[in-house]
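Below, read A as the first sequence line, B as the second, and so on, with proteins coming before strands; counting in each chain starts at 1. The basis for the numbers below is simple: all heavy atoms, side chains too, and nothing from hydrogens, waters or symmetry mates. Small disclaimer: the values here were computed from a predicted structure and weren't measured.
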2 protein chains.
Amino acid sequence: MAPRDTSKTKDRIIQAAFDLFYNQGYQATTIDQVIEKSGVSRPTVYTHFSTKEDLCQAYLKDRKAQELVDLKAEVRKGTTPRERYLAVIKGVGKALWGTGFRGCAFFNMISEIADPNHPLFHEARQYVDAVRELIRDGVIDLKASDPRYGKIDVDHVAESYYLLVGGAIMASQEYREKWPVKRALRAIEALIGD
Amino acid sequence: MAPRDTSKTKDRIIQAAFDLFYNQGYQATTIDQVIEKSGVSRPTVYTHFSTKEDLCQAYLKDRKAQELVDLKAEVRKGTTPRERYLAVIKGVGKALWGTGFRGCAFFNMISEIADPNHPLFHEARQYVDAVRELIRDGVIDLKASDPRYGKIDVDHVAESYYLLVGGAIMASQEYREKWPVKRALRAIEALIGD
DNA sequence: GTCTATATCTAGATAGAC
DNA sequence: GTCTATCTAGATATAGAC
């Protein structure tokens with residue numbers, strides 16, 4: 001029998017890891033589960049990824065890229081500076097509702113990995129940095145778009161926005177309900193005086 | 001040799017669990033570590049607690065009680081309704097700065113335990129409920145204290161407050177810095193028009 | 001009530017054949 | 001490149017003595 005196409009095999013492994021690491025957490029997920037879900041054998045996993053940690057890092061990189069693409073697409077869909085400003089919380093909300101309220105993969109990673117010098121911790125924080133920057137860009141654009149928004153304190157609005165997003169993610173996970181995102185949206189509107 | 005005083009032994013075990021579960025997480029902590037840290041033997045752990053999960057539940061109950069006592073003390077220290085309103089975020093900030101920024105034990109628990117029907121998940125959410133109620137009480141008292149605050153939307157302020165606290169906790173954990181709590185404090189002041 | 005010693009199980013990682 | 005079978009370490013929980 002001819003060997004399977006390599007890239008597809010690797011993708012299947014990552015896809016299995018994607019679901020398992022996200023839904024169960026890093027430590028609660030075993031390589032055996034990855035094997036079963038991907039339909040690939042044990043040594044095959046270890047030819048593509050040297051360790052479980054290595055596989056997790058690949059998963060996080062993948063997820064980070066994917067979520068940021070989605071979030072930026074949500075921003076681009078906005079037709080006004082205000083809509084683009086609100087796009088991040090709306091995009092986060094949509095993402096959460098589609099995933100059974102397991103919250104943010106990167107927050108969960110940081111909760112699991114106590115050591116801030118751990119590579120997986122670093123990987124997760126890069127995502128957080130990117131989201132904060134996306135929020136900040138929206139605030140800056142909004143401020144420049146209209147004299148009405150000229151008095152916005154960019155630091156204050158951007159960082160409060162980020163805190164509200166983070167709180168809404170955690171609260172969604174705690175309660176498995178939609179109100180935290182709705183509430184955050186209202187509070188984020190209020191930040192700019194709406 | 002006379003047997004050790006039981007309650008002190010049990011307390012030593014819980015104290016060891018307290019530090020380890022909080023700083024390393026539930027799954028990353030082993031019974032061996034609890035044994036070493038408490039200076040107690042393995043079977044002794046299992047005479048006081050039937051399983052690791054049972055020990056963790058005892059730890060969470062302890063921690064929940066202790067943190068709520070601290071938080072309520074912080075509220076009582078406030079001499080005006082406004083100070084008492086701000087007490088929760090200030091109390092949370094103090095607690096975080098004293099613990100090496102490992103964040104909220106209960107948030108971390110919820111991140112680790114994916115299943116919302118798990119007993120440990122339940123235990124953690126009870127803490128969250130209690131904090132939300134404490135915040136809400138402060139808002140209600142503030143509103144009643146002065147006509148100036150009469151127009152406060154209790155639901156909106158209380159829930160936004162909670163989201164800001166949650167976001168500040170997560171951001172502190174991500175960055176190991178104090179700005180998230182300071183920012184949350186300012187945003188929480190702004191919620192009531194200050 | 002507490003200990004030393006051990007059973008048992010699980011999970012990460014590897015050897016060697018095809 | 002992929003597989004079956006196995007090694008090894010480490011973790012939870014227990015048996016039996018003092």
Exercise for review: Say whether B/T47 and B/T44, considering side chains only, have a donor N or O and an acceptor N or O under 3.5 Å apart.
Suggested key: no

**Study point:** Pair B/Y175-A/D129, side-chain donor/acceptor within less than 3.5 Å
**Key:** yes

Exercise for review: Side-chain contact test, heavy atoms from C-beta onward, threshold under 4.5 Å: evaluate it for B/F106 versus B/L120 and give yes or no.
Suggested key: no

Review point. Do B/V128 and B/V131 touch side chain to side chain, with heavy atoms closer than 4.5 Å?
Key: no

Check your understanding: Testing B/K64, B/E67, B/R63, B/R132 for side-chain hydrogen bond (donor to acceptor under 3.5 Å, both in side chains) with B/Y127, which one passes?
Key ->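 The passing option is B/E67.
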
Value in whole Å for how far the [atom2] atom of [N] lies from [atom1] of [X]:
X: B/I31; N: C/dA7; atom1: CD1; atom2: P; answer: 20 Å
X: B/K8; N: C/dG1; atom1: NZ; atom2: P; answer: 16 Å
X: A/R12; N: D/dC3; atom1: CZ; atom2: C1'; answer: 14 Å
X: A/L55; N: C/dA13; atom1: CG; atom2: P; answer: 10 Å
X: B/I35; N: C/dT2; atom1: CD1; atom2: P; answer: 14 Å
X: A/F49; N: C/dT14; atom1: CZ; atom2: C1'; answer: 18 Å
X: A/R42; N: C/dT14; atom1: CZ; atom2: C1'; answer: 10 Å
X: B/D32; N: D/dA11; atom1: CG; atom2: C1'; answer: 7 Å

Distance test, side-chain N/O of [X] to OP1/OP2 of [N], below 4.0 Å:
X: A/H48; N: D/dT2; answer: yes
X: A/T30; N: C/dT10; answer: no
X: A/S50; N: C/dA13; answer: no

**Study point:** Sugar-phosphate only, base, or nothing, as touched by A/T47 at under 4.0 Å among non-hydrogen atoms
**Key:** base

Could you check which of [options] has an atom nearest any side-chain atom of [X]?
X: B/T44; options: C/dC3, D/dC3, D/dT2; result: C/dC3
X: A/K52; options: C/dA13, C/dT14, C/dC3; result: C/dA13
X: A/Y46; options: C/dT2, C/dG12, D/dT14; result: C/dG12

